[in-house]
Amino acid sequence: MVSNTAAVTWQQNGIRVRVYATDGVTVTERCWDGSGWYTGAFKQTGQTVSATAQPGPIIRVYCVNAGVTTEYCWDNNGPWYKGAYTA
């Protein structure tokens, strides 16, 4: 059961969409690049999730687990890495 979702979109040869959903334990990614949904590479621990993006794509996903926020970053062609933001 999904307990929290975040979605980002940008224009790059059509509309691109990423949806990050958590079941309260694990955050996973679903992707739309214009020809059907597929499961993305992102998978991290998180009770809640939020996200932002800009063309490139430059994506930032913020996962909160046990009161600690961790930033995950995707810059153009990846790979995913932990960002500097913590709270």
Side-chain angles (χ1 to χ4, degrees):
M1 182 169 117
V2 173
S3 65
N4 175 233
T5 61
V8 298
T9 185
W10 67 94
Q11 181 78 27
Q12 182 181 344
N13 299 321
I15 298 292
R16 308 297 174 144
V17 180
R18 299 295 181 268
V19 178
Y20 300 92
T22 181
D23 59 6
V25 177
T26 304
V27 178
T28 55
E29 175 187 52
R30 295 284 290 163
C31 308
W32 174 269
D33 292 331
S35 60
W37 288 97
Y38 63 92
T39 300
F42 187 87
K43 186 175 183 181
Q44 296 294 335
T45 301
Q47 297 166 320
T48 62
V49 62
S50 59
T52 187
Q54 63 186 37
I58 307 297
I59 304 171
R60 299 296 182 264
V61 178
Y62 301 89
C63 298
V64 179
N65 190 51
V68 176
T69 302
T70 304
E71 176 187 49
Y72 295 95
C73 308
W74 175 275
D75 297 330
N76 294 316
N77 294 317
W80 284 100
Y81 64 92
K82 277 189 181 182
Y85 179 85
T86 58

Residues that, via side-chain heavy atoms closer than 4.5 angstrom, fall in one hydrophobic cluster with Val64: none
For Thr39, side chain to side chain donor-acceptor pair (under 3.5 Å) partners two or more places apart: Arg30
Non-neighbouring partners of Phe42 that pass ring pair (Phe, Tyr, Trp, His ring centres under 6.0 Å), sequence neighbours left out: Tyr20, Tyr72, Trp80
Partner residues of Thr22 under the side-chain contact (heavy atoms from CB on, under 4.5 Å) criterion, sequence neighbours left out: Ser3, Asn4, Val27, Val49
Apart from Val19 itself, residues in the same hydrophobic cluster as defined by side-chain heavy atoms under 4.5 Å: Ile15, Val17, Trp32, Trp37
Pairwise salt bridge (Lys or Arg N to Asp or Glu O under 4.0 Å) hits with a residue in residues 77-87, at least two apart: none
Apart from Tyr85 itself, residues in the same hydrophobic cluster as defined by side-chain heavy atoms under 4.5 Å: Tyr62
Residues clustering with Tyr38 (ILVMFWY side chains joined when closer than 4.5 Å, directly or via others): none
Cys63 side chain near Asn65 side chain, heavy-atom distance below 4.5 Å: no
Minimal non-hydrogen separation, Ala51 against Ala6, with atom names: N-CB, 3.8 Å
Residue list, side chain to side chain donor-acceptor pair (under 3.5 Å) with Asp75, at least two apart or on another chain: Arg60, Tyr81
Residues that Gln47 engages under side chain to side chain donor-acceptor pair (under 3.5 Å), provided they are two or more places apart: none
For Trp10, side chain to side chain donor-acceptor pair (under 3.5 Å) partners two or more places apart: Gln12
Listed once per pair and sorted, the salt bridge (Lys or Arg N to Asp or Glu O under 4.0 Å) pairs that draw on residues 31-53, sequence neighbours left out: Arg16-Asp33, Arg18-Asp33
Non-hydrogen atoms of Gly40 and Cys31 that approach each other most closely: CA-SG, 3.7 Å
